[in-house]
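Worksheet: the structure to be examined is printed underneath.
Below, read A as the first sequence line, B as the second, and so on, with proteins coming before strands; counting in each chain starts at 1.
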2 protein chains.
Amino acid sequence: MNTDAQNGIDYAMLQSRLGYKLRRAQMVYFDVFFEACAQEGITPGLFSILAIVYHNPGLTQSAVSAALDVDRSAMVAAIDKLEGMEVIERRKSKNDRRSYALYLTKKGKAFTEHLNQKVEAGEQRFDAFMQEGEREWLLDILDRIIEARKGS
Amino acid sequence: MNTDAQNGIDYAMLQSRLGYKLRRAQMVYFDVFFEACAQEGITPGLFSILAIVYHNPGLTQSAVSAALDVDRSAMVAAIDKLEGMEVIERRKSKNDRRSYALYLTKKGKAFTEHLNQKVEAGEQRFDAFMQEGEREWLLDILDRIIEARKGS
DNA sequence: TATTGTTATACTCTATAACTATA
DNA sequence: TATAGTTATAGAGTATAACAATA
């Protein structure tokens, strides 16, 4: 039960842990995500930026970094790269001349939608291992766990 | 639904993704794990080593690195640190003089058990957000996802 | 004074390559 | 020749601190 059949090593103290299994399962999905991104010459972190700007055009760099919980300084190289790929653009803000408003280019919108569909298709592979309704149940219980943190 | 009430930013393309929710939920549990480890002056990575050696005394450094899927070279500093804490010890292997056999010290066993209980207690906080039997079902579905990768 | 974007810097984690001593 | 442990090194990823322009 607690033994991994592949190498005969006993993972007992890790296997029984829900956090450990969540991590392993998340890694399975991350591999799909990473691979889909890699095929399009991007990283998961950069896709996250595109996804945020796609649904929230006009955000500043700082707002995006806050939304993704990374430091402002990390955004500079990231936006530079996305701008180099011509999928995002910095527009000088009118109200506040210190900041840029971020927008996806036409190419960027199509790129983001294409990548999103690709990841979605990749994830669907695992639906075969779930019974009817289990996916919704899983999403629901994960939501409860995520919400549970907030009341800490 | 797809909007985070906290900052008014629309995470739609990420929120709908099962992989993203798995990551968020995993981070909730990881915070508990990390905090419990930090209070004992250790890291999650080092605890994983202790957990493996606890259940598999006598493994070589290379075997542990393979079990945890990290490079051999990363083990050196890690075992150095655990040895410095007097929770693990390298014993010269008799059969193969190139390698060490790893064992927990008496202190190391107690330390590992204590830490394990601490993490377990921390995780139990989230059981309140699950119905009867849901935890077992969740472990089961996560196992199916983890196993699904192998047949890729 | 505070904030935006930026740069320089450092720190962690991990991977690669090369070395030594064994096998 | 291949493997175990080691070392040096380099690459991500991310955080901190400081600066100029602007608020």
Side-chain angles (χ1 to χ4, degrees), chain A residues 7 9 23-24 26-27 30-31 33-35 37-38 41-50 52-53 56-85 88-103, chain B residues 7 9 23 26-27 30-31 33-35 37-38 41-50 52-53 56-84 88-103:
Chain A
N7 54 20
I9 288 178
R23 175 168 160 266
R24 293 279 304 271
Q26 185 264 322
M27 281 167 57
F30 183 78
D31 283 348
F33 186 26
F34 184 89
E35 185 54 31
C37 287
I42 211 174
T43 63
L46 293 178
F47 175 76
S48 300
I49 294 172
L50 292 180
I52 292 295
V53 178
N56 307 271
L59 284 186
T60 64
Q61 290 185 192
S62 290
V64 174
S65 70
L68 294 173
D69 200 30
V70 294
D71 196 84
R72 281 179 298 141
S73 62
M75 295 298 294
V76 182
I79 303 296
D80 282 352
K81 169 138 194 194
L82 293 173
E83 218 170 28
M85 293 173 70
I88 214 168
E89 61 181 27
R90 289 174 167 104
R91 294 188 201 160
K92 273 290 182 193
S93 174
K94 304 217 168 181
N95 332 349
D96 186 340
R97 284 185 300 169
R98 289 173 304 181
S99 63
Y100 295 112
L102 299 175
Y103 293 89
Chain B
N7 55 21
I9 288 178
R23 174 168 161 266
Q26 186 265 323
M27 281 168 58
F30 183 78
D31 283 348
F33 187 25
F34 184 88
E35 186 54 31
C37 288
I42 212 175
T43 64
L46 292 178
F47 175 77
S48 300
I49 294 172
L50 292 179
I52 293 293
V53 178
N56 307 272
L59 284 187
T60 64
Q61 290 185 194
S62 291
V64 174
S65 70
L68 294 173
D69 200 30
V70 294
D71 196 83
R72 282 180 297 141
S73 63
M75 295 297 293
V76 182
I79 303 296
D80 283 351
K81 169 137 196 195
L82 293 173
E83 219 172 26
I88 215 169
E89 60 181 26
R90 290 174 165 104
R91 294 188 202 160
K92 273 291 182 194
S93 174
K94 304 216 169 185
N95 332 349
D96 186 338
R97 286 185 299 169
R98 288 173 304 182
S99 64
Y100 295 112
L102 299 175
Y103 293 90

message: If only side-chain N and O atoms count, and only distance matters, is there a donor-acceptor pair under 3.5 Å linking B:Asn95 with B:Ser93?
response: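 No donor-acceptor contact under 3.5 Å links the two side chains.
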field: D:dT16 base / A:Ser73 side chain donor-acceptor hit below 3.5 Å
entry: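 Yes.
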query: Can a donor-acceptor pair under 3.5 Å be found between the side-chain atoms of B:Arg97 and the base atoms of C:dT22?
result: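 Answer no: no donor N or O sits under 3.5 Å from an acceptor.
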Would you mind reading off the distance between [X] atom [atom1] and [N] atom [atom2], rounded to a whole angstrom?
X       : N     : atom1 : atom2 : value
A:Ile49 : C:dG5 : CD1   : P     : 13 Å
A:Met75 : C:dT3 : CE    : C1'   : 16 Å
B:Asp96 : D:dA2 : CG    : P     : 17 Å
A:Lys92 : C:dG5 : NZ    : C1'   : 8 Å
A:Ile79 : C:dT4 : CD1   : P     : 15 Å

message: Can you pull out the residues from residues 57-72 of chain B that lie within a 4.0 Å heavy-atom distance of DNA chain D?
response: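 Hits under 4.0 Å, by residue number: B:Thr60, B:Gln61, B:Ser62, B:Arg72.
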- prompt: Is there a salt bridge (Lys or Arg N to Asp or Glu O under 4.0 Å) between A:Lys81 and A:Glu83 once you walk through the steps?
  reply: CA-CA 5 Å; A:Lys81 169 138 194 194; A:Glu83 218 170 28; over 6 Å; no
- request: Classify the angle between the aromatic ring planes of A:Phe30 and A:Phe34 as parallel (below 30°), tilted (30 to 60°) or perpendicular (above 60°).
  value: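 Ring orientation of A:Phe30 relative to A:Phe34: tilted.
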query: Are the side chains of A:Gln61 and A:Arg90 in touch, meaning some heavy atoms are under 4.5 Å apart?
result: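 Side chain of A:Gln61 against side chain of A:Arg90, heavy atoms only: contact under 4.5 Å found.
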query: Are any of the side-chain heavy atoms of B:Leu59 and B:Ile52 separated by less than 4.5 Å?
result: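 Yes, side chains in contact.
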field: Lys NZ or Arg CZ of B:Arg91 over B:Tyr103 ring: under 6.0 Å, within 45°
entry: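 The answer is yes; both the distance and angle limits are met.
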query: When you match A:Arg98 and A:Asp80 each to their closest nucleotide on DNA chain C, which lands nearer the 5' end?
result: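 Going by which nucleotide is closer to the 5' end, it is A:Arg98.
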